[in-house]
There are 2 protein chains.
Amino acid sequence: MVTRQEVADRAGVSVAVVSYVLNGRKIVKEETKRRVQEAIRELGYRPNQTARSLKTKKSQQIAVLIHYIGNPFEAGLLLHIEATAKQHGYFVFVQTYDPNREEELRGLLMGRVDGVLLLGPCFSRETLEYFNSLEIPIVSVMQPSTWGERNNVPYVDIAWLPMMRNLISHLRQQGHERIAFMSEGGQNLHYAVRYHAFCEVMRLEGLHTDAAVSRYLNGSGRFEQAKMVLGRLLEGEEGVLTDFTAIVCANDLMAAGCLAACHERGIRVPHDMAIAGCENILMSSQLSPPLTVIDYPRQLAGEAAMNMLLDRMNGITAEPILLSGNLIVRGSTRSNE
Amino acid sequence: MVTRQEVADRAGVSVAVVSYVLNGRKIVKEETKRRVQEAIRELGYRPNQTARSLKTKKSQQIAVLIHYIGNPFEAGLLLHIEATAKQHGYFVFVQTYDPNREEELRGLLMGRVDGVLLLGPCFSRETLEYFNSLEIPIVSVMQPSTWGERNNVPYVDIAWLPMMRNLISHLRQQGHERIAFMSEGGQNLHYAVRYHAFCEVMRLEGLHTDAAVSRYLNGSGRFEQAKMVLGRLLEGEEGVLTDFTAIVCANDLMAAGCLAACHERGIRVPHDMAIAGCENILMSSQLSPPLTVIDYPRQLAGEAAMNMLLDRMNGITAEPILLSGNLIVRGSTRSNE
């Protein structure tokens, strides 16, 4: 079996530099990186085989850590992640991520997985470094907002800026200028990426985003909470000005909750209030009126993320992938439907 | 630490008999079983501690094997299973069950889990015996139809017979006599339990179940498949007589698919066709008309199953639990709504 030392010798670098390249650290010069990757290809070096031989057997398992399994969107992504993993002979197991149990989780995953896929949650820097030192690659579907290049965790997400531009532009065509956004309390979550894109487009369009309304519109990512929060706001209980005529929700469950809150109060959708979601789960297409959504390509994203992780497990570096979404206009924003 | 030998000595039986009792085998006389359980209590014997000490550390992990993670019903059960496990310091990981990979799965779970919870799928007899020999208890939520007392796998489910009686009786009050059932192709699945209860109640009510229709109405447990299958039938493409005026679906996703198929063809629900589901997922309450469903108490079932598994892990035998469901009548079957 080809060793890391042999790769280092061939490339004329130290073993540490080979590790840096394999782990995608940016501190290595492009020219050096190229030489190391060439040596890896020429020698047919497989980093995981080494790691596995130390463990005496392959784990053939991939851990998927999920933010909230109660959202059909995440479950849908999972189906495609699983299918892709299976094609390559891997077992996928899913755990709900709990930031308070990260240390325990590290112990549980150690030696048991060949890779980790994050579906929403964001590891602490300490945990990222821990897996890095074990050469267990991490890939994220849906970029958590506190991540950037700085953590070197590659991700697959959709390009939110152009999608939000399409959505807000559509809402403007329907006569809306005062548009609210419903998100989730946490700031280090993938929904915050969507909110930031929304705010950026609003700014570019010269429209005002009411920070007080945004702060209040915390739907916790759930149907019931969204329904309750918007309901209270519409009834003026909170002393927050509700002069918006359209609401964009970071996920579809919350958009469905907003629709239910409007129905309960006789607020006509889309005539009195336009509502849109950001995922396109099945339910959205079946509501009355059906919801306008940004269609998140679940299959593409699940497959791309799993393939990225398999690449990383084979020592191939990966860059973030931004997929195109698709705006699906339905009755919840278009009054002539 | 108390050993199994000490329990055997105290109870005046062999170590093998202690194992039989711990594993819930029926071959042990009631009186012997009572003596062994008394000895276990008196000595404070904890079977899993032994198993764990052999593994040098506790796994503190429970595997949940799921039939189809794309159904929000199963995901909802999972949330409650996880919450209960967490209260007891356990990690839950979820895997989609694939009957073709059962042997691999055994290898992956061996030494890694303290218990297995089945959410729909059914292990082969060989695998059941394998986990039995490892003293890894198995509990099922939703009884798979090919199981009975014979496998000694305790389960939590709802009592389908009284629930189906309530549902069919309601449909009769609405004037329906020709009632179809949509299920899933596989015969060893939990949906078959629901179908059998349906057939039994139809028989008791003196109503005819059309086997040809039932065979054809295979919605695969999914929305799209259900919509397609019912759609084709309604268009007379299949040469199957569609003289039914009501359809009961083994899960809500299929019921939603049937509703969509009717909407597309201008078939009025409930006037021309009544539709009911068996789970009560969120979507069902938000459709137009909202779906009449048997409400499966997810929280109770998830908690009860997890507690049953924890008991089994502590050597306490468990009997099947049948919970009460609740019929929720909504617009999809009640014409005056």
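Convention: sequence-line order gives letters A, B, ...; per-chain numbering from 1.
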Point-to-point distance, once rounded to the nearest 0.5 Å, from [atom1] of [X] to [atom2] of [Y]:
{"X": "B:Phe93", "Y": "A:Thr96", "atom1": "CZ", "atom2": "OG1", "result": "13.0 Å"}
{"X": "B:Ile281", "Y": "A:Met283", "atom1": "CD1", "atom2": "CE", "result": "8.5 Å"}
{"X": "A:Ile69", "Y": "B:Ile81", "atom1": "CD1", "atom2": "CD1", "result": "10.0 Å"}

Exercise. Step by step, would you call A:Glu104 with B:Gln60 a side-chain contact (heavy atoms from CB on, under 4.5 Å)?
Worked result: CA-CA 10 Å; A:Glu104 282 176 86; B:Gln60 290 297 103; over 6 Å; no
Toward chain B, the part of [X] with a non-hydrogen atom under 4.5 Å:
{"X": "A:Leu253", "answer": "side chain"}
{"X": "A:Leu78", "answer": "side chain"}
{"X": "A:Gln286", "answer": "both"}

Exercise. In terms of heavy-atom proximity below 4.5 Å to chain A, should B:Phe91 be classed as side chain, backbone, both, or neither?
Worked result: both
For this session: Please look at B:Asn71 and chain A and tell me whether the side chain, the backbone, both or neither of the residue comes under 4.5 angstrom of a heavy atom of that chain.
Result: neither
Exercise. Is A:Val64 close to B:Val94 at the side-chain level, that is, under 4.5 Å between some pair of heavy atoms?
Worked result: no
For this session: Would you mind reporting whether B:Gln61 and A:Arg112 have side-chain heavy atoms less than 4.5 Å apart?
Result: yes
Exercise. Would A:Gln95 and B:Val92 count as a side-chain contact (heavy atoms from CB on, under 4.5 Å) if you check the C-alpha gap in whole Å, the side-chain angles of each, and the deciding distance to 0.1 Å?
Worked result: CA-CA 6 Å; A:Gln95 265 177 321; B:Val92 168; 6.0 Å; no
Exercise. In terms of heavy-atom pairs under 4.5 Å, which option from A:Arg101, A:His263, A:Glu74, A:Glu82 contacts chain B the most?
Worked result: A:Arg101
For this session: For A:Tyr68 and B:Leu79, run side-chain contact (heavy atoms from CB on, under 4.5 Å): C-alpha distance rounded to whole Å, both residues' side-chain angles, the deciding distance at 0.1 Å, then the answer.
Result: CA-CA 9 Å; A:Tyr68 176 50; B:Leu79 293 175; 3.9 Å; yes
For this session: May I ask you to check whether over 12 heavy atoms, not counting those of A:Glu235, lie within 6.0 Å of atom CD?
Result: yes
